[in-house]
Number of protein chains: 2
Amino acid sequence: METEPEKENRVRSQIECQVDEIWSILGKTWALLILKKLTENEVTRFSEIKKAIPEISNTVLSDRLHQLEEQGLIRKKVYAQVPIRVEYSLTKQAIDLGKILEGLDRWVIKWRKEKPRKK
Amino acid sequence: METEPEKENRVRSQIECQVDEIWSILGKTWALLILKKLTENEVTRFSEIKKAIPEISNTVLSDRLHQLEEQGLIRKKVYAQVPIRVEYSLTKQAIDLGKILEGLDRWVIKWRKEKPRKK
DNA sequence: CGGAATCCTTGGAGATACTG
DNA sequence: CAGTATCTCCAAGGATTCCG
């Protein structure tokens, strides 16, 4: 269905719009750092994240956790104790995502070295 | 240098801070769509991008192009004609990046299907 | 402890007009 | 044609307070 010669040996849509979808979530502030923190242990508490990322406000942290949960990237478990205890963990999907981002990581390392530094 | 048992069979830093660096650029509005447009042809003109993405303002398009160029992701070639002609193209690094984002694409597809849809 | 509600602040995006 | 220069505006982030 795509016959134009100049497009044949080109990787079409190398960067698909699909990515925009996940970008709209991961692109938000702190989202990646939160996910990263959650990779360090099986479960992580609200206050632990705050301790790891002190600059984040609880407003935003709370927002992000909701959004990530809503997207199925993290799981939330509430213990009805006093004081209350809440644990967050990554879903399998987030772990898969992490693998992919590792590749991106390696690219960033390389890219940083090769960067023209024209300034 | 990492001996704690609970961390042994965990991929540490699955999501590195490194990614934040590229994220701070790609996360900006239109950045990905611009790159995507540039994958379609060897060279692309300013007005062609605008035509492909009509909703973008030239202010923002101009900003993004500068930023992407500064990061070594795109290349700019100016023809001193009247009217002036400017062509943009991807650098090798951006093409490599595109490959990686393809993997992310595939993940998004899968992830979208498996999404809990709890609402 | 883990948030929600509230208010405040800012920078990034958009529209418009102009220029080499 | 390919931008730059201004201006405006609003959503997203931050600080603080309070609550179950």
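Residue numbers start from 1 in every chain, and the chains themselves are labelled A, B, ... in the order their sequence lines are given, proteins ahead of strands.
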Q.
With a cut-off of less than 4.0 Å, is there a side-chain N or O of A:Trp30 near OP1 or OP2 of D:dA12?
A. no

Q | Backbone N/O of B:Val19 and side chain of A:Trp107: donor-acceptor pair under 3.5 Å | A | no

**Q.** B:Arg45 vs D:dA2: side-chain N/O to OP1/OP2 distance below 4.0 Å
**A.** yes

Q) Quick one: salt bridge (charged side-chain N to carboxylate O under 4.0 Å, His left out) pairs with a partner in residues 45-62 of chain B, sequence neighbours left out? A) none

Q. Which heavy-atom pair separates B:Ile74 from B:Leu65 by the least distance, and what is that distance?
A. CD1-O, 3.5 Å

(Q) Could you tell me how far apart A:Ile53 (CD1) and D:dG14 (C1') are, to the nearest whole angstrom? (A) 15 Å

(Q) Rounding to an integer number of Å, can you tell me how far B:Lys51 NZ sits from D:dG3 P? (A) 15 Å

(Q) Any non-hydrogen side-chain atom of A:Leu104 less than 4.5 Å from a side-chain atom of B:Leu97? (A) yes

Q. How far apart are the C-alpha atoms of A:Arg112 and B:Gln18, what are their side-chain angles, what is the distance that settles it, and do they pass the side-chain hydrogen bond (donor to acceptor under 3.5 Å, both in side chains) test?
A. CA-CA 10 Å; A:Arg112 203 177 344 186; B:Gln18 329 289 7; 2.8 Å; yes

Q: Would you kindly give the OH-to-P distance between B:Tyr88 and D:dA2, to the nearest whole Å?
A: 8 Å

Q.
Students often get this wrong, so: under 4.0 angstrom with heavy atoms, is B:Lys76 touching a base, only sugar-phosphate, or nothing?
A. sugar-phosphate

Q. Is the backbone of B:Thr59 close enough, under 3.5 Å, to the side chain of B:Ser62 for a donor and an acceptor to pair up by distance?
A. no

Q | Atom pair distance, as rounded to whole Å: NE2 in B:His66 and C1' in D:dG3 | A | 8 Å

Q) Just how far, in rounded Å, is C1' of D:dA2 from CD of B:Glu48? A) 13 Å

Q. Within less than 4.0 Å of OP1 or OP2 of D:dT4, is there a side-chain N or O belonging to B:Ser62?
A. yes

Q: Kindly indicate whether the side chain of B:Tyr88, heavy atoms from C-beta on, has any atom under 4.5 Å from the side chain of B:Val43.
A: no

Q. Any sub-3.5 Å donor-acceptor pair from A:Trp111's side-chain atoms to B:Gly72's backbone N or O?
A. no

Q. Within a strict 4.5 Å, meaning less than it, do heavy atoms of the B:Leu68 and B:Ile25 side chains meet?
A. yes

**Q.** Shortest non-hydrogen contact between B:Leu26 and A:Trp23, atoms and distance
**A.** O-NE1, 3.0 Å

Q: Quantify the bending of the helix from C:dC1-D:dG20 to C:dG20-D:dC1 as the angle between its end axes, each fitted on five pairs, to 10°.
A: 50°

(Q) What does the B/S/- profile of nucleotides 15-20 of chain D look like, 5' to 3', with a 4.0 Å heavy-atom cutoff to protein? (A) BB----

Without placing hydrogens or testing angles, list every side-chain donor-acceptor pair under 3.5 Å for residues 27-35 of chain A, not counting sequence neighbours.
unit_1: A:Thr29; atom_1: OG1; unit_2: A:Arg64; atom_2: NH2; d: 3.4

Q: Indicate, with a heavy-atom threshold strictly under 4.0 Å, whether B:Tyr79 touches base, sugar-phosphate, or nothing.
A: nothing

Q.
Under 4.0 Å from a heavy atom of chain B: give me the 5'-most and 3'-most nucleotides of DNA chain C that qualify.
A. C:dA13 to C:dG20

Q. If you look only at pairs with a residue in residues 72-91 of chain B, which of them pass as a salt bridge (charged side-chain N to carboxylate O under 4.0 Å, His left out), with sequence neighbours excluded?
A. B:Arg85-B:Glu87

**Q.** Euclidean distance, atom CG of residue A:Leu26 to atom P of D:dA12 [Å, nearest integer]
**A.** 16 Å

Q) Rounded to whole angstrom units, what separation is found between the CD atom of B:Glu87 and the P atom of D:dG3? A) 12 Å

